[in-house]
Each structure stands twice: as C-alpha cells, then as structure tokens.
Number of protein chains: 2
Amino acid sequence: MREKTERIVREWTDACDAEVSIAVLGGAWKPSILSLLGEHDVLRFGELSRLLLEPTARVLTRQLRELEDDGLITREVYRQVPPKVEYRLSDLGRGAQPLVDTLTRWGGEYAAHQRRMLAAPASVGDDERQKESVPQ
Amino acid sequence: MREKTERIVREWTDACDAEVSIAVLGGAWKPSILSLLGEHDVLRFGELSRLLLEPTARVLTRQLRELEDDGLITREVYRQVPPKVEYRLSDLGRGAQPLVDTLTRWGGEYAAHQRRMLAAPASVGDDERQKESVPQ
DNA sequence: CGGGATCCGTTTCGATACTG
DNA sequence: CAGTATCGAAACGGATCCCG
C-alpha cells in the first residue's frame, strides 16, 4: 500500500469511506488505466502509453507503480532484450471494475450535460450563482 | 462550471469519462459533503463543519464553492444578523448520489481489506512486489 | 455566523534528457 | 522497450488573521 493510502485507511472514520476510493483512484489516468486493463486483460507499457494518448513515460510509470502498490494491478517483468513488462488487473482491481464503470457512466452523462450548457447561449435568468438574492 | 472542470469536459475524449467524475468529486471532503447533504437534505455551514470533524473554514468554503460552481449543490444566503447560509443538493447532485454511494461502499470494503493486511503479520511469500522474478 | 485575504509547505504534474 | 534522473510550474490543503 502507498503511504498516502495507508494513512487514509488508518486515520479516517467510516463516515468518509468514499475518500478512500478517491485516494486510490484519484490520480491522473488511473481510472483510464483500470478501464483499459479491464477491456484488454493484459497490456504492455507501450500499449498503455499509446492507448492513453501519450502521457509522459514518467507520469505513466508513477501511476502504474501507485496502482501496483495499492494492490489494484500486477506487474510482470520479462528479463529479456528488448525488455517487456505486462500489466494486469489483480483480484482487487477486478473488484473495482463496477466502480470504474459507474465513474465512467456518470462522468459521461455529466460531460454531456455540461457540453449542452456550454453550447447553449447563456439565456437571461440563467443560474450563474444568482442565489445571492434575499429569501427572507 | 469551474475552469478545471470545463477544461476536462472540453478536451478529454470519451474514453476517459471517469476522469470527469474524479475531477468533480476528487477534492478533499467533497464526497463526504455530498453524502451528508444526501442524508440531511439541508445543512448550514457550521453544521457541515461540525459533521466533517472540523476542516478549517477556509478549506470547507473552497470545496463548497467548487461543488456549487460545478452545479452539484445550491447555496442560499439569508441576509440577516447573524448570517445564515444553507446548502442543498441540486438535481445534478442528487443524480450523483448513486455514484457517491458506490464510492463509499467500495472504499469501505477496500479499507477493511487493507486493515486486515495491516493487522496480519507479514507471512513468508507475501506479495510485496516480488514479481521482479523471471517468468521467461 | 460564515466567511475573505494572505501566506506557506507539500504534493502533483509534466517536459527534457538519458539508460540498461 | 521500458523505464530513471532531474528540474520547474502549478495545484492543493491547511494555518492564521481579519471582517460585516
């Protein structure tokens, strides 16, 4: 487990369990990585890199390490030339798939909703924080 | 919408919709805030502050503003002395409740699983990244 | 009561260059 | 191919003081 994850698992009360999920899945690219590994079963470093539209190797490596440390994916190194490294979901990672799917679905709906908002010319009486009115 | 949220909604491809969810819900205390507003229907600033075990006012204010900007909660100001401000879920926020619940459930299970790992004395052959072995 | 202003340390992201 | 090393910029969480 990452130190950060461990701290949160230890110290936070049950009331905020959702924060644990955010701590584990909240890094850049992480949900996408889990999603792709869910679809493809096994992926090499370079394949992940291309599918994700090229985050820098530095960044991708760190996210993968963190997911590994938190137990969601496994990393298998083939000591050969040229090197080859395979990533898969662990049991824990497969257990997270429904959550990732839910994140994907809600995020898609939210993005679609907001894109409609962006497309629509701001109409009079639109809701740009006009609640500064005086209800009482 | 926050600038950050808007950037992500605009620029990311559909393949990474989950990142949108993380962008919106990924701040400290945010899932907890939504959770509490789901339970209590309406809460004042001070009530939220106490229920969350006292984040500083500065931090709580910022998270509430971001959630408001992203359209998940509403803020109603009563111009009286002493002041009174009420927070509620918006329609968008109510729509996020199933997602928050899923985050809470998975986070709870993950935390329980990892706490068992922490409690168990590390047994021989435990999995602290021993995959550096040579499969081929 | 419900903040705003200011400041700061840490974390995180990301670009560039290099390597077994 | 799959990284590592180094560096800079920015975002974030948080403390402290002040205010209508």
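Please read these numbers as outputs of a predicted model, since none were measured by experiment. Letters go in sequence order (proteins before strands), and every chain restarts at 1.
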| For the pair made of CG in L43(B) and P in dC1(C), what is the distance, rounded to whole Å? | 16 Å
| Roughly how many Å is it from CD in E19(B) to P in dC13(C), rounded to a whole number? | 10 Å
| query | Does Y87(A) put a side-chain nitrogen or oxygen below 4.0 Å from OP1 or OP2 of dG3(D)? | reply | yes
| said: What is the separation between atom CD on E68(B) and atom C1' on dG2(C), rounded to the nearest whole Å? | reply: 14 Å
| query | So does E86(A) pair up with R44(A), basic N to acidic O under 4.0 Å? | reply | no
| query | What nucleic acid atoms does A28(A) come within less than 4.0 Å of, heavy atoms only: base, sugar-phosphate, or nothing? | reply | sugar-phosphate
| message | Students often get this wrong, so: under 4.0 angstrom with heavy atoms, is R44(A) touching a base, only sugar-phosphate, or nothing? | response | sugar-phosphate
| query | Hey, which of these two, P82(A) or R2(A), hits DNA chain C nearer its 5' end, going by closest nucleotide? | reply | R2(A)
| request: Send over the distance from E76(B) CD to dG3(C) P, rounded to a whole Å. | output: 13 Å
| task | Using a heavy-atom cut-off of under 4.0 Å over every strand shown, decide if E3(B) touches base, sugar-phosphate, or nothing. | result | nothing
| message | Expressed as a whole number of angstroms, how long is the span from L48(A):CG to dA2(D):C1'? | response | 12 Å
| task | Using whole Å, report how far CZ of F45(B) lies from C1' of dG3(C). | result | 6 Å
| task | Examine the side chains of Q114(A) and T5(B) and answer whether a donor and an acceptor come within less than 3.5 Å of each other. | result | no
| task | Answer with yes or no whether the side chains of D17(B) and T104(A) bring together a donor and an acceptor at under 3.5 Å. | result | no
| request: Verify side-chain contact (heavy atoms from CB on, under 4.5 Å) between L67(A) and K30(A), making sure each step is shown before the conclusion. | output: CA-CA 8 Å; L67(A) 286 172; K30(A) 281 185 188 177; 3.8 Å; yes
| task | State whether K4(B) places a side-chain N or O below 4.0 Å from either non-bridging phosphate oxygen (OP1 or OP2) of dA10(D). | result | no
| task | Give the C-alpha distance, both sets of side-chain angles, the deciding distance and a yes or no for side-chain contact (heavy atoms from CB on, under 4.5 Å) between L89(B) and L72(B). | result | CA-CA 6 Å; L89(B) 290 183; L72(B) 297 192; 5.9 Å; no
| Any side-chain N or O of Q63(B) under 4.0 Å from OP1/OP2 of dG13(D)? | yes
| query | How many Å lie between CZ on R50(B) and P on dG3(C), as a whole number? | reply | 13 Å
| query | When you measure from the side chain of V59(B), which nucleotide among dG14(D), dC13(C), dG3(C) comes out closest? | reply | dG14(D)
| query | Taking OP1 and OP2 of dG14(D), is either one under 4.0 Å from a side-chain nitrogen or oxygen of R62(B)? | reply | no
| Nearest to the side chain of P83(A), which nucleotide is it out of dG14(D), dG20(C), dT4(D)? | dG20(C)
| query | Around E39(A), counting heavy atoms of other residues, nucleotides and ligands shown, do more than 12 lie under 6.0 Å from its CD? | reply | yes
| task | In whole angstrom, give the distance that lies between atom NZ of K30(A) and atom C1' of dT12(C). | result | 11 Å
| said: Please confirm whether the shortest side-chain N or O distance from R65(B) to OP1 or OP2 of dG4(C) is below 4.0 Å. | reply: yes
| Which part of the nucleic acid, if any, lies within reach of E47(B) when heavy atoms closer than 4.0 Å are counted: base, sugar-phosphate only, or nothing? | nothing
| request: Give V85(A) one of three labels, base, sugar-phosphate or nothing, depending on what nucleic acid heavy atoms sit under 4.0 Å from its own. | output: sugar-phosphate
| request: For dG8(D), take OP1 and OP2 only and decide whether either is under 4.0 Å from a side-chain N or O of R58(A). | output: no
| message | Heavy atoms from C-beta onward define the side chain here; which of dG14(D), dG14(C), dG3(C) lies closest to that of W29(B)? | response | dG14(D)
